Amino acid sequence: MDQQTQESSQEQVTASENISPIKKKKKKKGLIIFLVVLLIAAAAGAGCYFMERQKPVSTVKSFLEHVRTMNFEGMKSLLQSNDMSALDNADITNEAYHAFFQGVNQKMTYEIKKTDFSLANGTATVTAKIKYIDGSDIYKETISEFLKQIVSTAFSGQELTEEQTQQKLAALLEEKSATVKDKFAEAEISYPLIKAGGQWKIVSLDTETVRIMSANFTNVQDEINQSLEEMETSQTQPEQEAPQASADGKIDMSNDKFTIHYKQHRVTTDFAGAPCLLVYYDYSNNGSSASSAMVDVNLQAYQNGNLLEPAIPESDDEAIDQFMTEVQPGQAVTVCQAFTLQDESDVTLQAGEAFSFGGGTVVSQVLKIK
């Protein structure tokens, strides 16, 4: 091989060696770009997933904000069914009680505890822990006061229309909610959601949410009827078992509504000539409005383990009339209540607050008849 041929071959080898690293660099660079694209795509997919996952949570948060502010239209817009019939029997939609329920619901707080999410199925379940006002004490105070006022109104000969009754209840609810200490309760609700029309919506309005909005209270009339049944049961229960009283027990009690103090008792006859017992006690009105012993005090008498019936004495007595007379706040009167007698055995008196729930404070005293 001549010198010229050798030089040509050497130049080709050198050129080949120079070209190879360039191709390798280009291949490596292309692989890196491909991997970066994959990473960006994966990150974008993950980002979209997590963004989508937050949408059901946002829906529940918005829904609970509407609950807190009593925005019924806002709640409805986030329900897949647009069905608000769960509120049909709840007084929360009654305009008369709007101010009360609005004030109660503004104190509600919540936090999201758990999310179950299925992007493929377009479903999710968001669990919220809700802290809300338990209005049971408010309702008891309101209904107790309402029943007292209704009794007083009935004896005065006045009649209330349905609208006036609702207004009285609404005013009492607001008054008691301002004076009764807030009592909070907690509940966890799991809201099922579905993606429809590109939006995440809660499947339906549940009764638990309605109960929370109503502060464990749904319908005024139902609550009054239930309260009357409870009071009737509690008043008939003593007939089965007479109260126990110590020999030195006294009818002497005081609370924020009234004070009573036993004075004396005597035996006389009723309008039919049968023996009856007259019990005298001082009654003071400690409340903020006019009231009476008949409205505030529940005095019962037992003999031989049996509840004694009220009696109508043969003779007039001013103290008997004052049992029903309205007394202004801060004033006191002596009142009298009459009971039939079965024989000359001891009588046990039991006194407590009328229209009280759960029994309340009760005092007892034994009276010697002979």
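Given the structure is predicted, the values throughout are model-derived calculations rather than measurements. No hydrogens, no waters, no symmetry mates; every other heavy atom, side chains included, goes into these values.
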Met213 side chain near Asn105 side chain, heavy-atom distance below 4.5 Å: yes

Shortest non-hydrogen separation from Val295 to Ala354 and the atoms involved: O-CB, 3.4 Å

Could you check whether any side-chain N or O of Gln365 sits under 3.5 Å from a backbone N or O of Ile251, counting only pairs where one atom can act as donor and the other as acceptor? yes

With no hydrogens and no angle check, is any side-chain donor or acceptor of His265 less than 3.5 Å from a backbone partner on Lys368? yes

Sequence neighbours excluded, which residues qualify as side-chain contact (heavy atoms from CB on, under 4.5 Å) partners of Val104? Phe100, Ile133, Ala215

Using a 3.5 Å distance criterion without hydrogens, assess whether the side chain of Asn304 forms a donor-acceptor pair with backbone atoms of Asn306. no

Check Ser204 against Leu79 and note the closest heavy-atom contact, atom names and distance. C-CD2, 3.7 Å

Sorted by first residue and then second, give each side-chain hydrogen bond (donor to acceptor under 3.5 Å, both in side chains) pair with at least one member in residues 72-82; sequence neighbours left out. none

Taking the side chain as every heavy atom from C-beta outward, state whether Ser345 and Gln303 have any atom pair closer than 4.5 Å. yes

Using 30° and 60° as the class boundaries, would you call the ring planes of Tyr97 and Phe101 parallel, tilted or perpendicular? perpendicular

Does the side chain of Tyr191 come under 3.5 Å of the side chain of Thr209 through a donor N or O and an acceptor N or O? yes

Candidates Lys176, Lys183, Lys181 - the one meeting salt bridge (Lys or Arg N to Asp or Glu O under 4.0 Å) with Asp137: Lys183

Val347 side chain reached by Phe339 side chain, heavy atoms, under 4.5 Å: no

Please identify each residue that fulfils ring pair (Phe, Tyr, Trp, His ring centres under 6.0 Å) with Phe323, with sequence neighbours left out. none

If you apply the rule side-chain hydrogen bond (donor to acceptor under 3.5 Å, both in side chains), what do you find for Glu314 with Thr269, and how did you get there? CA-CA 6 Å; Glu314 181 180 23; Thr269 54; 2.9 Å; yes

Return the minimal non-hydrogen interatomic distance between Val210 and Ala90, and the atom names on each side. CG1-CB, 4.1 Å

For Phe184, is the NZ or CZ atom of Lys131 found under 6.0 angstrom from the centre of its six-membered ring and inside 45 degrees of the ring axis? yes

